[in-house]
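Report on the following structure.
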Amino acid sequence: MKTHGRIFVSSAAVAIFLMAWQFLPTLGLVDIRYTSQPSSVFKTAINILLNDNLGHHAYVSFMEFIAGFGLAVVIGIPVGIVFGSVKMLRQIVDPPLMALNMMPRLALLPILAVWLGIGMASKIAVVFLGAVMPIIVNTMAGVRETDARLVLAARSFGATHLDIFIRILLPGSLPAVIMGIRLGIGRAILGVVVGEMYVAEAGIGFQIVTYGSSMRIDYLLVYTLLIAGFGYLLTSAARMLENHLSTWRPL
Amino acid sequence: MSPAFLERYRGGFFALFSFLLIGLLWEFAVSANWINPLFVSRPSAVWTQIMAQVSSGELLQNFSISLIEFMIGFGLAMMLGVALGVLAGWFRTVEYALDPFIWFTYAAPLIAFYPLFVANLGLGAPTVIAIAFLFALPAIYANTLSGIQNVDQDMVRMATSFGAGRRDIFLRVALPASMSMVVAGLRLSIGRALTGVVVAEIFGATAGLGYSITYYGQQLQTAQMLVSLLAVVAFGVLLTQTLAAFEARLDWRSAPGT
């Protein structure tokens, strides 16, 4: 009953919105150039699927996302664990790290474009910087919150540094790490799109800015919805993993 | 200096030390010709530019433009986000009706719509404010909503048995108890609003810190660009510190449900 009511109300709201969006321009109440219409967005979606070279642009964007995000995971987690467990190092790197964490990394886009050019490299860098910060910060927090008694107990039973790292620090900080990864997904996707909008030769963001500047709102919307759907799916998957891990904690 | 003094400002010393270390390494790497100053500039050149931009008033002007845009966008998002969050937390139907739209503002890269904003609002502050607003809104809304929804039900039952009406429960129990969640939402969305301001200035403005970063970047004037970039960093730190101070003041309150 409860979920039924929820689905009903949500879809009714969306239906009303779509109808208003469809008919208000037809009645001449709003300017169709600015809003487009659901019917033409639908037609455009089919057109994009068939002959807008979607495969190529999606491939470029996806590769930038995977490369930047993959690097962020592969580098961010070990760095976070090291900074989290070595106090001396943490006190030295913490201030610049926090400063970098508090600024919008997308502000680095112009300088990255100068350094790395207009190809995929500058986008990969901005995705990496966007995603790596929440991963490092959350991993550090996860390692620091790992129960110190477990480490002491393991040490007194003769565990080496490597043992403690693999058996205790890594599994103990896993939920925090996954949360960092989830937060990183959103930043990474925004990084791909904004990076490509700023300067690129191909990609979804490139298409968005191309159609946007000629006010093709229908094309703009289809590409934006595509990104939104991708982001939603990935974030939901990460959240499910997170919930799964928080009920089943290895430690 | 006494040990207590040292202990108190320990974090500050480490911060100073690490920033000095970065600056020295950077200057040294450029002097030793390891890296090209055209791309990275050097601390001494950045310092000269900071002085130049301070005395010409350029830095202050860009900073205050971005700050005003941020405050208006964030303020509007705070008002609407808290209002909608409270409404949706109190009335289930409102929550369900808003859900799909909030999901869209969360997941979609809203900056994609900047041409629309520029066409309607023009190049400049109104466009930047609109985008900052949209960036900040969903987190404030979502946190307020869950704050209202997760109010301790024992409190509500107790208030009811002492004769409180729905209105009393709302004003005296639900609202104060959800304060900490609301503040957490504000904290999350400060970063998002700042990102919105900078990114919107990069694409759709003719002034502000984000604009000057792009402007100098395109002219390869790295030192000038770094001044604006450092100002953005300072902006982020300033906002986070302000909110932390605000939260510390909130702490005295021992509201029900916390």
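Just so we're clear, the structure is a prediction, and the values are computed from it rather than from any experiment. All chains are named by letter (A, B, ...) in the order of the sequence lines, taking the proteins before the strands, and each is independently numbered beginning at 1.
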Is chain B contacted by the side chain of A:Val193, its backbone, both, or neither, given a heavy-atom distance below 4.5 Å?
side chain
Shorter than 4.5 Å, heavy atoms on both sides: which option in B:Val237, B:Val197, B:Leu239 has the most such pairs with chain A?
B:Val237
Is B:Tyr114 close to chain A through its backbone or its side chain, or both, or neither, when contacts mean heavy atoms under 4.5 Å?
side chain
Chain A contact residues among residues 217-229 of chain B, heavy-atom distance under 4.5 Å:
B:Gly217, B:Gln218, B:Leu220, B:Thr222, B:Met225, B:Leu226, B:Leu229
Which atoms of B:Leu110 are under 4.5 Å from chain A, going by heavy atoms: the side chain, the backbone, both sets, or neither?
neither
Is it the backbone or the side chain of B:Phe117 that comes under 4.5 Å from a heavy atom of chain A, or both, or neither?
neither
Applying a strict 4.5 Å limit to non-hydrogen atoms, the region of A:Val209 in contact with chain B is side chain
Would you compute the distance between atom OH of A:Tyr232 and atom CZ of B:Phe104 and round it to the nearest 0.5 angstrom?
14.0 Å
Could you look at A:Ile92 and say if it's the side chain, the backbone, both or neither that has a heavy atom under 4.5 Å from chain B?
both
Per-residue contact mode, B:Thr240 against chain A (heavy atom under 4.5 angstrom)
side chain
Please give me the minimum heavy-atom distance between B:Ile213 and A:Ala107, naming the atom from each residue.
CG2-O, 3.6 Å
Report yes if some heavy atom in the side chain of A:Met197 is under 4.5 Å from a heavy atom in the side chain of B:Ile111; otherwise report no.
yes
Under 4.5 Å from any heavy atom of chain B, what part of A:Ile217 do you find: side chain, backbone, both or neither?
side chain
Counting only heavy atoms from other residues, nucleotides and ligands, does the tally under 6.0 Å from CZ of A:Phe42 exceed 12?
no
Is it true that, when you exclude B:Phe101 itself, more than 12 heavy atoms of the residues, nucleotides or ligands shown sit nearer than 6.0 Å to its CZ?
yes
Please classify the contact between A:Ile111 and chain B as side chain, backbone, both or neither, with a heavy-atom cut-off of under 4.5 Å.
both
Over all atoms of both residues, closest heavy-atom pair of A:Arg6 and B:Asp99
NH2-OD2, 3.3 Å
Taking all heavy atoms of A:Ala13 and all of B:Ala97, pick out the closest pair and write down the distance.
CB-O, 3.4 Å
How close do B:Leu116 and A:Met215 get, heavy atom to heavy atom, and via which atoms?
CD2-CE, 4.3 Å
Which answer fits B:Tyr106, side chain, backbone, both or neither, if we ask what part of it has an atom under 4.5 Å from a heavy atom of chain A?
neither
Could you go step by step and tell me if A:Ile208 and B:Phe113 meet the side chain to side chain contact (heavy atoms under 4.5 Å, CB included) rule?
CA-CA 9 Å; A:Ile208 285 178; B:Phe113 295 108; over 6 Å; no
Residues of residues 181-188 of chain A near chain B, each having a heavy atom less than 4.5 Å away
none
Mind ranking B:Asn120, B:Ile202, B:Thr93 by heavy-atom pairs under 4.5 Å with chain A and telling me who comes out on top?
B:Asn120
For A:Gly212 and B:Pro115, the nearest pair of non-hydrogen atoms, with its separation, is O-CB, 3.3 Å
Looking only at non-hydrogen atoms, find the nearest pair between B:Pro109 and A:Thr224 and report the distance.
CD-CG2, 3.9 Å
Would you check if A:Tyr198 and B:Val199 make a side-chain contact, meaning some heavy-atom pair closer than 4.5 Å?
no
Under 3.5 Å donor-acceptor, A:Ser10 side chain and B:Tyr96 backbone:
yes
Most contacts with chain B, counted as non-hydrogen pairs under 4.5 angstrom, among A:Pro96, A:Ala113, A:Ala12, A:Gly231
A:Pro96
Sort B:Val198 into side chain, backbone, both or neither according to what part of it lies under 4.5 angstrom from a heavy atom of chain A.
side chain
